[in-house]
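The sequence lines fix the lettering, A, B, ..., with proteins before strands; numbering per chain opens at 1.
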There are 2 protein chains.
Amino acid sequence: MTACTKCGSVENILKSGFIRGKQRLFCKSCEVHFTINLPQKEVNKPARQITIVDIAKSLGIAPSTVSRALNGSAEINASTRQEIIRVATEMDYRPNLLAQSLNRGETHTLGVVIPNIERPFFAGVLAGIQKVATEAGYRVMICQSNESHATETLNVQALVASRVDGLLISHSKETTSFEHIKLQLKKGLPIVHFDRVCNEVETAKVVQEDFEGSYILTEHLILQGCKRIAVCAGPRELIISISRLNGYKAALANYGIPLREELIYHTNFIQGESLLALDGWLNLPQKPDGILAVHYANAIDMIVELKKRKINIPSEMAIVGFGDELIASLIEPSLTVYHHSPFQMGGIAAKMLIDNIIHKDTFQPELQKMKGKLIIRQSSVRQ
Amino acid sequence: MTACTKCGSVENILKSGFIRGKQRLFCKSCEVHFTINLPQKEVNKPARQITIVDIAKSLGIAPSTVSRALNGSAEINASTRQEIIRVATEMDYRPNLLAQSLNRGETHTLGVVIPNIERPFFAGVLAGIQKVATEAGYRVMICQSNESHATETLNVQALVASRVDGLLISHSKETTSFEHIKLQLKKGLPIVHFDRVCNEVETAKVVQEDFEGSYILTEHLILQGCKRIAVCAGPRELIISISRLNGYKAALANYGIPLREELIYHTNFIQGESLLALDGWLNLPQKPDGILAVHYANAIDMIVELKKRKINIPSEMAIVGFGDELIASLIEPSLTVYHHSPFQMGGIAAKMLIDNIIHKDTFQPELQKMKGKLIIRQSSVRQ
DNA sequence: TTCGTTTTCGGAAACGTTTGCGGTAGTTTT
DNA sequence: AAAACTACCGCAAACGTTTCCGAAAACGAA
């Protein structure tokens, strides 16, 4: 019959049930259980990656030595190192980043959470992040919240589970509670906010000059002779919305123009929403003669609608928007905007985060405001 | 003085050099080296993440049991499992994905290489990829080649180093050699191409109906009465460029319109390049009366230029483009296009890749062509 | 020489999981 | 009551690195 794997005896072998599909046996002599292993045929595996151990074996040295050679440790003989490196390149060795990360406790990966990758602004930011990160030897992992708080929370969890070294985040419009951020911050995860920031926590932040931008745009309309300026504001929950609205209010106040509640409309990033606002304003006994759109896309929509209604821009209605994209210069009339640079913003944010990661103890979070620029186009210039 | 750590003797202790900043000693009695360890003060560490071992300890069981409970193994008592899960959630345990990946040999991560994230087409594809990947429990790691072959190769290497389970790639316009792809393919890495594919390798691919799209667009121009149709083609190296050019040629041939070399211009995705083409055409003794732009962005540029030159669209010059974006419908005159869906393309590609990953052995690569749709707008309709 | 020093390397533990396999105990079958 | 079976769990190896610590050897100085 079958022999015991330990004592080799073929007697005193008792059956002892099935386990994992195999017959289990028990040797009464040496009191040991065992199963019989089929000599599983050598299925030719798909060529495992070369490891540090392979190199060590092929040179007859210890893996630790190989590791030291490859990592530029000082405690190694120059000639030994050279030889190891030679063999390593010859065998086309690639370090296993998973093992490295597990051991070192850092992944050299940045996590990014944005509302939507398809918005040109965020795509630009991402590009900026990628550039800086890559140059600094970091990888980037991106998640979209799709403007949902729940998804955003999941995103953060997923990134943390992937053990990213730090987090770059621009909040969803829904997000009003920041527990998910506070939790990770408390655990020591470096976090940097950009654009849609959160004032409840002490993180480094990079934002646009929201207040100033709106102020300048509003002032521009005033100087063009507008007397009744409406504002298409963003979601009430977003800090940037509030800042921009405040810039608008400040400009009005500064020029002694009364603030009218009926000329303020809060949108919610819903398609066609700004048209409701516009419709409301046009039905007012006293129509506005200028519009500030806190998001340039709303301005675009309204321009289209105004043209449909044969309302002349800018003579009957001047219009300006916050943020710049190709389309703003191509639409007719072209749109006056407060121009900013998403790409740069991404770069700055990434740099901040990497600083934070590297100098975890000494890092001082700060708020950086990015200056924009008023670009005057046809939609607001009254001859 | 100091006592030997082994025999405790305080005599026969000799100095034995410095090592890593600490005094090294040698006990002659028991022939042992040692250094004196300061009773390093307990610096309160930043709250390590809970591990499976912590749970095991707190329950007095083995880590393997915890693992089995959490992974839904059958070989575990229901009540034990329940208790483990209770403690795990209570301690807010999060599995270390690095350790899991290292052990299982898979990261549940898809690598994506695209030319440029800021191009709306690719942003759309990415969004589609993300959606499908997330739903299937995969993460996504994105790299940009910036249309550089060298960068693309580095991207692939970086993603492989991160041990992604598969690769989604749309080649840079520079890429004519595909060794970097072949290499990984040979190593068994699942790869799926999209949009800018490569015919030299046997991978699953998802592309647009490039030929058919161009054919339909060209045919549309012909039916609108255009006799001399110019084409603003893409880079010669790109397969999609060739397919689209062929569609154009086929339509001409089918309607008995002679092909004129001077009406074919290959752009290279360089800003303002299409204007050179346009300028050339307008200086021809016999100007074209219709233009097919193989990339809608070129069409936009040309529309702007034509308007500057006071050339009427579409009566003097009809124009159509491949690909659709918001701007195509907003520009005046609005642009007739062959519409496609980047988002869906991304989704399909991701699904293919995940299929490939899961059914590595049985997976049959196939080419999927995505039907587009002719959207007729003002730029081509001659009353 | 004998001790002190420096350089260079190996062994082994550690990072946090998963998993193959064997052990124990209790239950059922002959 | 021995034999066969089942259910459950622990041990230890494995994944591929890095790093702590000690050992050996070579070298310098007294």
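The aromatic rings of B/H108 and B/Y138 lie parallel to each other, their planes meeting at an angle below 30°, with 60° marking the opposite boundary. Between A/H171 and A/H180, the ring planes lie perpendicular to each other; the angle is over 60°, past the 30° to 60° tilted range.
Between A/L14 atom CG and C/dG22 atom P the separation is 16 Å, expressed in whole Å. We find that CG of B/N77 is positioned 5 Å from P of D/dC9, with the value rounded to whole Å. Note: CD (A/Q82) to P (C/dT8) measures 14 Å, nearest angstrom. Atom NZ of A/K22 and atom P of D/dT6 are 16 Å apart (whole Å). The distance from atom CZ of A/F18 to atom C1' of D/dA7 is 16 Å, rounded to the nearest whole Å. Regarding B/E75, its CD atom lies at a distance of 12 Å from the C1' atom of C/dG22, rounded to whole Å. Distance A/L59 CG to C/dC9 P: 11 Å, rounded to the nearest Å. Atom P of nucleotide D/dA4 and atom CD1 of A/I19 are separated by 17 Å, given to the nearest angstrom.
Contact record, A/L167 with A/L353: N-CD2, 3.6 Å, taken as the closest heavy-atom pair. Contact detail for A/R68 and A/R81: the closest heavy-atom pair is O-NH2, 4.1 Å.
A/S162 pairs in a side chain to side chain contact (heavy atoms under 4.5 Å, CB included) with only one of the listed residues (B/T107, B/L97, B/L98), which is B/L97. Among the candidates A/T153, A/L159, A/V160, the single residue satisfying the side chain to side chain contact (heavy atoms under 4.5 Å, CB included) test with A/V156 is A/V160.
Within 6.0 Å of atom CD in B/Q82, 12 or fewer heavy atoms from other residues, nucleotides or ligands are found, so the atom counts as exposed in its surroundings. For A/K182, the NZ atom is densely surrounded, since the number of other residues' heavy atoms within 6.0 Å is greater than 12.
A/F34 comes within 4.0 angstrom of sugar-phosphate atoms only, judged by non-hydrogen atoms across all strands, and of no base. Contacts of B/T80 with the nucleic acid, taken as non-hydrogen atoms under 4.0 Å apart, involve only primed sugar atoms and P, OP1 or OP2.
Rotation axes derived from the C1' atoms of the five outermost pairs at either end of the helix from C/dT1-D/dA30 to C/dT30-D/dA1 lie 60° apart, to the nearest 10°.
Of the possible polar contacts, one joining the B/Q144 side chain to the B/I117 backbone as a donor-acceptor pair under 3.5 Å is found.
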Report each atom pair, protein N/O against N/O of nucleotides 24-26 of chain D, whose distance is under 3.5 angstrom.
from, atom 1, to, atom 2, distance (Å)
D/dA24, N6, B/R24, NH1, 3.3

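Defined by atom type and a distance below 3.5 Å, a donor-acceptor pair is missing between the side-chain atoms of B/S73 and B/N71.
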Heavy-atom protein contacts under 4.0 Å, nucleotides 12-19 of chain C, coded B base, S sugar-phosphate only, - none
B-BBBBBB

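OP1 or OP2 of D/dA3 sits under 4.0 Å from a side-chain N or O of A/K28.
Residues B/L59 and B/T80 form no side-chain contact, since every pair of their non-hydrogen atoms from C-beta on lies 4.5 Å or further apart.
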Run the numbers on A/S16 and A/L25 for side chain to side chain contact (heavy atoms under 4.5 Å, CB included), then give the verdict.
CA-CA 5 Å; A/S16 169; A/L25 303 172; 5.8 Å; no

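Mapping A/S16 and A/A62 onto DNA chain C by nearest heavy atom places A/A62 closer to the 5' end of the strand.
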